[in-house]
Amino acid sequence: MSEWLPEWGKRPSRRVRSYWWPPTLFLRQLGSALYVAALTHWQELGYWVRTYGVQCLPGAAGSRGMGCIGFPAHPVWEMTAACNLHCIHCHASGGKPAPDELTTEEAKRLLDQLAGIRAFRMMAFTGGEPLVRDDLFELLAYSQALGFTNTMATNATLIDDAVARRLRRLGLVIAAVSLDGFDAATHDYVRNQPGSFDAALQGMRALRRAGILLHINITAMEYNIDQLPRLMALIDELGTGILLMYQLVPVGRGRRIGRAALDLGANERLIRFMAEAQRTTRAIMEPVAGPQYWPFLLQRAGIRGGLRLRLAETVFHGCSAGRGFIYIKPNGEVWPCPFIEVSCGNVREAPFARIYAEAPILRALRERESRLEGRCADCEYRRLCGGCRGRALAVSGSYLAEDPSCFIHREAGQPQR
């Protein structure tokens, strides 16, 4: 911490509760990992606990289990739209910085306000590419001083050993890196930049050498879905502790390649693949934009009600949009998640706590069990799944509509794929 004080001024007082309190949070996190292991027959659970499990705890700060897009109860700030890449599927349409991005002082006020939400223990910085924002290190230091454990989503192409060590000193415990292909041809095509695959691998290895837990994001789409089995070997080789399997949602620049999004059959294929891959991979896997993963695991195990379903609902939370998880845009707009392009308010105009407590869309998402429409409204798994609200909005125009990619309840006579 001392490195930033002479350059960046007064250190704020700690306001965020420690990630290890209360201990019941650990029990929920352990419970979710054990339940996943039981449902998938995860052979590498012991290795994961010994190698990554303890290291995951600060990054899962405040988590009450596992959800979609990570877990409930953490804020994500898209700190800039600027990026050194121009990915064809970017939900943020990253490239140039937005003209109205929060200033350094406004960003610190935002962090102060986020620190006032008792459930928040971890702060996630994303973009664009956070490393192209000049005040990133200052803001990481400020967040660390408030008591947050810091995580960051990055394409890793700008990370070398010196950068990785500095990030570690500033409290970065997890780096989420996107990997969208097994080989350079696929990854570089998606990232729209030759050489990005090799640069990302070098960055990921530097992060691991610095002692930062590697968390890999894969966006599954028609361009790479056939490469997923080979990607699993690379995931393990890189020393990955957490793997989030995204699905392409046609928002941002992804609208231009909407045809590459997975349809109902491909969604089922992906989720079946995840369940099988979890048996042997060393990373713990979670879905993004595919909350049907949890009911699929339960349905496959014959769990359709009763105590075992109630137990699952305590640690699996499905779509977390607006239900603890919250997404803040570069200009201070608050969204339920990056795929629900609906403003709940702007922190320049109202305190974050008021937006978080009172925004109508957030209230609706928190009461989703009684507000969902179509098949999602009648589904016995609506509490621990809820469907992807972002995909529902993108396809139907309503964030409460049924998820069009859900395969859990088929029409009578419809065969499995």
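- One side chain, T186 or Q227, offers a donor N or O that lies under 3.5 Å from an acceptor on the other.
- A donor-acceptor pair shorter than 3.5 Å can be found between the side chains of T80 and E101.
- Here the options are E367, E373, E369, the test is salt bridge (Lys or Arg N to Asp or Glu O under 4.0 Å), and the partner is R371; only E367 passes.
- Closest non-hydrogen pair, P130 versus M79, comes out as CB-SD, 3.7 Å.
- Under a 3.5 Å cut-off, the side chain of Q278 and the backbone N or O of A283 do form a donor-acceptor pair.
- For the pair N267 (side chain) and S405 (backbone), a donor-acceptor distance under 3.5 Å is present.
- Formation of a donor-acceptor pair under 3.5 Å by the W48 side chain with backbone atoms of I242 is not found in this model.
- Counting only distance, with no hydrogens or angles, the side chain of R191 and the backbone of L85 share no donor-acceptor pair below 3.5 Å.
- Judged by distance alone, the side chain of R14 and the main-chain N or O of V16 form a donor-acceptor pair under 3.5 Å.
- No donor-acceptor distance shorter than 3.5 angstrom exists from the side chain of R389 to the backbone of A321, with no hydrogens or angles considered.
- In this structure, R269 pairs ionically with D226, as a charged nitrogen and a carboxylate oxygen lie closer than 4.0 Å.
- Residues that satisfy the side chain to side chain donor-acceptor pair (under 3.5 Å) test with H187, not counting sequence neighbours, are absent from this structure.
- A donor-acceptor contact shorter than 3.5 Å links the side chain of Q113 to the backbone of F352.
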**Request:** Take M152 and L131 through the test side chain to side chain contact (heavy atoms under 4.5 Å, CB included) and record every step on the way to the result.
**Result:** CA-CA 10 Å; M152 184 178 76; L131 282 161; 4.3 Å; yes
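- Ring geometry for Y327 against W335 counts as tilted: the plane angle lies between 30° and 60°, on a 0 to 90° scale.
- Here the side chain of N224 pairs no donor or acceptor atom with the backbone of G181 at under 3.5 angstrom.
- A donor-acceptor contact closer than 3.5 angstrom is absent between the side chains of N155 and S196.
- With S396 contributing its side chain and S398 its backbone, the two residues share a donor-acceptor pair below 3.5 Å.
- Just one residue in the list C319, S320, P336 forms a side chain to side chain contact (heavy atoms under 4.5 Å, CB included) with L365, and that residue is P336.
- For F325 and H74, the gap between ring centers is short of 6.0 Å.
- Taking both residues in full, the closest heavy atoms of A107 and L102 are given as N-CB, 4.3 Å, listed atom of the first, atom of the second, then distance.
- When atom types are taken as modelled, the side chain of D236 and the backbone of R282 share a donor-acceptor pair closer than 3.5 angstrom.
- Judged by distance alone, the side chains of T154 and E129 do bring a donor and an acceptor atom under 3.5 Å apart.
- The aromatic rings of F316 and Y35 sit tilted relative to each other, their planes meeting at an angle between 30° and 60°.
- Side-chain contact of D112 with Y142: a donor-acceptor pair under 3.5 Å is present, judged by distance alone.
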